Asker: 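Just dropping this structure here.
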Amino acid sequence: MKKVGIVGFLLCVMFFGAREGFAYDSDLLDLRATCNICKGNARNYSILNAYFSNSTGQPPSDLCENSGEPLFISVLYTSNSKNDINNVRLIADILKKDRNNASGDPLDSYYFNEFIGTVAPCPDGACLFTIPLPASLNIECANEFYELSQPLVAWTTNSSQDLEFGYDCQDYPAAQCLNQPTIPIEVGALSYAFEPTFDCNSGAVSTTNVSFLITSLFGGNPTLDYTTLWEFTYADGTSEERTEFTPVLANKQGGSIIGASLTVSQNPLNGDKISRSVNVPVPLSYDAVVDTVLITNTDEGTSNGVIDVTLTSSDVVHFWTSLDNPEFYSESTRIEELAGGTYLLTTFDITTSTCRTDLFDISSTILPVRFIYNRTNYNSKFRNSLISWATATEWESSHFEIERSIGSVDDFQKIGVVMAMGWKDSATEYTFIDKDLPLYETNILYRIKQIDLNDAVDYSSVMSIRTPEVKVIEGVWKAYPNPTYDSQLRIRLLDPSKYQGEKIRFRILHPTMPSKEISVGSEAEMNEALNQLIPSVSKGVLVVEIYWGQKVERIKVLKL
């Protein structure tokens, strides 16, 4: 079972303490009632729990003693985003209610509209931010309880904006908000709920990835570890158990049914098993969302391209982004004044909560190269990716840069360079092998950036592969001495039959210092690198994670 606790999340905790002259932004626009910005909400952000706390996020021991100290509320959240979340704003009402008349009118209500700023992504557990509460909030601790009523969390992907002191509706884009029902503000009791979410598909596919997101989790002591146990049953009679906080079931057939149940516990509390049947939706097809599309390419050296789409239904909402310009965003069906590049249309079916993405290219009338094809293939034997492409003609072509983005379309990085022919009026083929793939299951996107002799650039269409997860095994490697002191830790190969001289990658996982992945060629090189790392690791339990070939082993070590 996987434990998810605040101590293990120190890298993604965001703390906001009392500020001198603190005042709630009661004069700013209430996005909940006025803007309706949550259309097409992809449920990629959830508030798990809210609880009264002190300024450090700890449940206060003197909550009912009216000590006069400022009150705080701490919020546990998760997000599916892989990048920082900008301009985060929480708008809500705190309702004070009578336990003897829970469905009656609130005894009191306190409104706040708080700018939090930038928070880190939190896809693998629960992260925390802490907000000061209104001074007028009076906790009497007698037959009363509190609710965070209609909380809305809105954010942007644009880090250059600053919406702390003012904003308009359109400053917070659609599908980038959370509009969640009432959440109890915990002072104790263990309860939770979960929802399935479905990956955006592209192309013509019949399967989708199903993620299970815990949408509410409250009770117990939020500063202690939670343990999660998921149980899944399938139509063919098979079943499996998973312990991740947010498990992902890959490539599930559209139209199939999954039985899902969740049990959350926190010693000494054991939550009730909750279950539901999940109908996997049939992935959206291109024809299901796009009726017609008209593309006008741009003239060389200008930005006058146009993409004009007609959607099939009013139940489909959409937005545009650009693979070449991270600042580009539009919710119009017609986008214009476009520079050359690739534009991504993301569409949501409100009825089924499914989505898809489609790429549209704007090209100039004169290009330094003309691509015949570009593609990529995953080699499971060597765990690498072969990128190949061909040009029909080249004119003043200098070189190609191979770019890669892992898990999303907004983080392309250069991973290699291939020199071009320069001038040629016949077909030329090129290849590049990406040998450094992530050692976990994910989507990897590639594109070819062509650069001519005058430094002008052009891009190929985007290619993708999906890497499988490596196999977790035990007993191949041993760490000693364990417990260890200072720089004495070493790793020894116990089972030579399970290691065939593959390249070794390893890293150290520790709550206060996760190391970057290190590549070595032998056991001796790994121990030499460990000798440099271990002295800087704090005392406590750490994990040495070793990858080789298609395998991974994780070894727990106690440092004294």
Side-chain angles (χ1 to χ4, degrees), residues 39-40 157-158 170 173-175 200-205 283-349 354-376 387 389-395 397 400-401 403 405 408-410 412 427 443 445-452 456-464:
K39 61 182 180 180
T157 57
N158 187 346
Q170 62 269 23
C200 283
N201 65 287
S202 59
V205 296
L284 287 174
S285 66
Y286 177 85
D287 292 337
V289 294
V290 176
D291 186 15
T292 61
V293 58
L294 176 64
I295 298 177
T296 303
N297 289 322
T298 184
D299 295 327
E300 187 176 23
T302 63
S303 297
N304 60 355
V306 177
I307 304 177
D308 193 351
V309 300
T310 303
L311 301 179
T312 59
S313 168
S314 59
D315 288 336
V316 175
V317 298
H318 74 287
F319 60 88
W320 290 94
T321 52
S322 169
L323 301 192
D324 310 287
N325 178 10
E327 302 297 323
F328 181 84
Y329 178 87
S330 175
E331 295 178 29
S332 300
T333 54
R334 177 185 173 91
I335 52 175
E336 50 192 3
E337 298 183 359
L338 304 179
T342 302
Y343 294 84
L344 179 71
L345 174 66
T346 302
T347 47
F348 293 87
D349 186 312
T354 52
C355 66
R356 68 172 283 116
T357 57
D358 291 286
L359 297 171
F360 299 87
D361 290 325
I362 293 288
S363 60
S364 301
T365 54
I366 300 176
L367 296 175
V369 303
R370 182 162 62 89
F371 287 97
I372 301 175
Y373 68 82
N374 59 284
R375 53 179 174 252
T376 182
I387 300 104
W389 67 99
T391 60
T393 59
E394 296 185 26
W395 180 260
S397 181
F400 301 93
E401 293 182 356
E403 296 184 344
S405 181
S408 67
V409 297
D410 53 8
F412 278 99
N443 286 322
L445 304 178
Y446 297 96
R447 66 184 182 187
I448 309 299
K449 180 180 181 181
Q450 184 275 328
I451 303 175
D452 68 17
V457 302
D458 187 37
Y459 289 91
S460 72
S461 60
V462 176
M463 307 158 280
S464 69

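All figures in this text were calculated on a predicted structure; none of them were measured in a lab.
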Asker: Nearest heavy-atom pair of Trp320 and Ser332: which atoms, and what distance?
Answerer: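 So the two residues come closest at NE1-O, 3.0 Å.
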Asker: Measure the CG-CZ distance between Leu344 and Phe360 for me, rounded to the nearest 0.5 Å.
Answerer: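 Leu344 CG to Phe360 CZ: 9.0 Å, rounded to 0.5 Å.
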Asker: Is a side-chain N or O of His318 found less than 3.5 angstrom from the main chain of Glu331, in a donor-acceptor match?
Answerer: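 Yes, because the side chain of His318 sits within donor-acceptor range (under 3.5 Å) of the backbone of Glu331.
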Asker: Which atom pair, heavy atoms only, marks the closest approach of Thr346 to Phe348?
Answerer: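 Here Thr346 and Phe348 meet closest at CG2-CE1, 3.7 Å.
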Asker: Of Asn325, Thr298, Ile307, Thr296, which is the lone residue that meets side chain to side chain contact (heavy atoms under 4.5 Å, CB included) with Leu338?
Answerer: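 Running side chain to side chain contact (heavy atoms under 4.5 Å, CB included) over Asn325, Thr298, Ile307, Thr296 with Leu338 returns exactly one hit, Ile307.
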Asker: Is there a side-chain contact between Ile448 and Phe371 in this structure, where contact means two heavy atoms from C-beta onward sitting under 4.5 Å apart?
Answerer: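 Yes, their side chains come closer than 4.5 Å.
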Asker: Could you tell me whether the side chain of Leu323 reaches within less than 4.5 Å of the side chain of Leu359, counting heavy atoms only?
Answerer: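 Side-chain contact under 4.5 Å: yes.
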Asker: Tell me every residue that passes side-chain hydrogen bond (donor to acceptor under 3.5 Å, both in side chains) with Ser408, counting only those two or more places apart in sequence or in another chain.
Answerer: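 For Ser408, the residues satisfying side-chain hydrogen bond (donor to acceptor under 3.5 Å, both in side chains) (neighbours in sequence not counted) are Asp410.
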Asker: From Ser322 OG over to Tyr329 OH, what is the distance, rounded to the nearest 0.5 angstrom?
Answerer: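 So the gap between those two atoms works out to 14.0 Å.
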Asker: Taking CD in Gln170 as the centre, count heavy atoms belonging to other residues, nucleotides or ligands within less than 6.0 Å. Is the count above 12?
Answerer: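 Yes, CD of Gln170 has more than 12 neighbouring heavy atoms, counting only those of other groups under 6.0 Å.
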Asker: How close do Glu403 and Arg447 get, heavy atom to heavy atom, and via which atoms?
Answerer: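 In terms of heavy atoms, the two residues are closest at OE1-NE, 2.7 Å.
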Asker: If you take all heavy atoms of Thr376 and Ser464, which pair is closest and at what distance?
Answerer: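 Closest pair (atom of Thr376, atom of Ser464, distance): CG2-O, 3.6 Å.
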Asker: Could you pull out the closest heavy-atom pair between Ser330 and Ile335, with the gap in Å?
Answerer: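 Nearest heavy atoms, Ser330 then Ile335: OG-CG2, 3.5 Å.
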Asker: Any side-chain heavy atom of Cys200 within less than 4.5 Å of one from Thr357?
Answerer: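 Cys200 vs Thr357: side chains touch.
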Asker: Measuring from Arg375:CZ to Tyr446:OH, what's the distance to the nearest 0.5 Å?
Answerer: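 So the CZ of Arg375 and the OH of Tyr446 are separated by 15.5 Å.
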Asker: Which pair of non-hydrogen atoms, one from Gly341 and one from Asp324, has the smallest distance, and what is that distance?
Answerer: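 The pair with the smallest heavy-atom distance is CA-OD2, 3.0 Å.
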Asker: How about Thr342 and Asp361: does a side-chain donor come under 3.5 Å of a side-chain acceptor?
Answerer: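 Thr342 vs Asp361: donor-acceptor pair found between side chains.
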Asker: For a side chain to side chain contact (heavy atoms under 4.5 Å, CB included) check, start with the C-alpha distance between Val306 and Leu294, then their side-chain angles and the critical distance, and finish with the verdict.
Answerer: CA-CA 8 Å; Val306 177; Leu294 176 64; over 6 Å; no
Asker: Verify, without hydrogens or angle tests, whether Asp452 (side chain) and Trp395 (backbone) share a donor-acceptor contact under 3.5 angstrom.
Answerer: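 Between the backbone of Trp395 and the side chain of Asp452 there is no qualifying donor-acceptor contact (under 3.5 Å).
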Asker: Give every donor-acceptor pair under 3.5 Å between a side-chain atom in residues 285-292 and any protein atom, sequence neighbours left out.
Answerer:
unit_1: Ser285; atom_1: OG; unit_2: Ala288; atom_2: N; d: 3.2
unit_1: Thr292; atom_1: OG1; unit_2: Thr310; atom_2: OG1; d: 3.1

Asker: Would you check if Phe400 and Thr391 make a side-chain contact, meaning some heavy-atom pair closer than 4.5 Å?
Answerer: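 When only atoms from C-beta onward are counted, Thr391 and Phe400 do touch, with a gap below 4.5 Å.
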